[in-house]
Amino acid sequence: MAFPLRNESNVSGSEVFAGYSSTVGKLARGLLEGISESLGLETGYIDKAMNMESSLQILTANLYPPCPQPELAMGLPPHSDHGLLTILMQNGIGGLQVNHGGKWVNVDPLPNAFLVNTGDHLEIMSNGKYKSVLHRAVVNSKATRMSIPQSIGPSPDTVVAPVEQLLDGENNRAMYLAMKYKDYLELHLSNVLNGKSRLERVKI
Ligand SMILES: O=C(O)CCC(=O)C(=O)O
Ligand SMILES: [Fe+2]
């Protein structure tokens, strides 16, 4: 899949990205409605509780040029994403791997499809019912890979804690500390990417 950024019209790259980002944001809010229902919560629960009207969304772009010795290099080290969801567009070249049962598994890109990763804040608010995905990106010797992830988070001032309705006393007690999303992000920036070590710091 090629990225539709050829300048065939008068639309600037930044306008294309702004439109893309806003559409992906809406898609994410729709997914969060389904996730609310899957947790037995009201459809709009996560949207309201996470103040998604002012959701912090970060659009980045990764470029992984071919590497003559890919086994000696790492595109992006193992980590989990900090937000609720990450929606990833790729240029059709594989490289993303997720950790499943301690093993790294290739996630081959599907044509015309986004990949959605669950993030740390979905794990925290669902009290571990959804787990954030440990993932990494490897490189290859033949083709340039591009990926464009959009991180979908709560609003920066939202204090995120396990949802009370998902807790019931002793059997199901809160497993994560409450923390403002922006404070978690500070923690995130002050750490090198190292597996799920940031999430471990708010685990009770
Ligand atoms: O390039 C990829 O597929 C993964 C990118 C990623 O995990 C990230 O930017 O957080
Ligand atoms: Fe990531």
Side-chain angles (χ1 to χ4, degrees), residues 1-5 13 16-18 20-21 23-25 27-28 31-32 35 50 55-67 69-126 128 130-154 156 160 181-182 184-202:
M1 183 185 77
F3 291 117
L5 294 177
V16 172
F17 272 110
Y20 172 78
S21 173
T23 305
V24 166
L27 167 69
L31 291 173
L32 290 171
I35 292 174
M50 299 293 123
S55 154
L56 180 68
Q57 304 194 3
I58 305 168
L59 184 68
T60 41
N62 300 309
L63 178 72
Y64 307 99
C67 173
Q69 288 180 291
E71 61 290 348
L72 299 182
M74 181 56 66
L76 202 58
H79 65 282
S80 57
D81 296 341
H82 49 75
L84 295 158
L85 297 174
T86 301
I87 300 194
L88 184 82
M89 174 164 71
Q90 309 168 69
N91 68 336
I93 308 294
L96 178 68
Q97 296 184 327
V98 298
N99 195 281
H100 184 70
K103 294 213 167 84
W104 289 106
V105 180
N106 291 327
V107 184
D108 294 328
L110 295 173
N112 302 315
F114 290 125
L115 184 124
V116 181
N117 270 335
T118 45
D120 292 345
H121 278 73
L122 194 61
E123 177 163 340
I124 295 169
M125 58 95 21
S126 71
Y130 279 89
K131 299 275 188 243
S132 63
V133 180
L134 182 60
H135 58 284
R136 68 181 189 181
V138 295
V139 289
N140 73 79
S141 59
K142 294 190 182 76
T144 295
R145 174 163 187 262
M146 284 184 270
S147 74
I148 301 193
Q150 181 160 331
S151 157
I152 314 286
V160 185
Y181 183 44
K182 67 178 178 196
Y184 191 91
L185 284 178
E186 252 176 55
L187 194 71
H188 186 92
L189 292 173
S190 62
N191 270 268
V192 288
L193 288 182
N194 178 17
K196 288 177 74 166
S197 60
R198 288 178 294 256
L199 190 62
E200 289 304 322
R201 288 173 69 167
V202 297

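Every number for a ligand or one of its atoms is a count from 1 in the order of the listing.
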Side-chain donor or acceptor of R145 paired with backbone N/O of Y64 under 3.5 Å: no
Look at the aromatic rings of Y184 and H121 and report parallel, tilted or perpendicular, splitting at 30° and 60°. perpendicular
Pairwise, report which nitrogen or oxygen atoms of ligand 1 are under 3.5 angstrom from protein nitrogen or oxygen atoms, and how far apart they are.
| unit_1 | atom_1 | unit_2 | atom_2 | d |
| --- | --- | --- | --- | --- |
| ligand 1 | 1 (O) | Y64 | OH | 2.6 |
| ligand 1 | 1 (O) | R145 | NH1 | 3.1 |
| ligand 1 | 1 (O) | S147 | OG | 2.7 |
| ligand 1 | 3 (O) | R145 | NH1 | 3.2 |
| ligand 1 | 3 (O) | R145 | NH2 | 2.8 |
| ligand 1 | 7 (O) | H79 | NE2 | 3.2 |
| ligand 1 | 7 (O) | H135 | NE2 | 2.9 |
| ligand 1 | 9 (O) | N62 | ND2 | 3.2 |
| ligand 1 | 10 (O) | H79 | NE2 | 3.1 |
| ligand 1 | 10 (O) | D81 | OD1 | 3.3 |

Would you say T86's side chain and Q150's backbone share a donor-acceptor pair under 3.5 angstrom? no
Measuring from the Fe ion (ligand 2), name the closest N, O or S atom belonging to D81. OD1
To the nearest 0.5 Å, what is the distance between OG (S21) and CD1 (I152)? 7.0 Å
Closer than 3.5 angstrom, by distance alone: can the side chain of N106 be matched with the main-chain N or O of D108 as a donor-acceptor pair? no
Just by modelled atom types, is the M146 backbone N or O under 3.5 Å from a matching donor or acceptor in the N91 side chain? yes
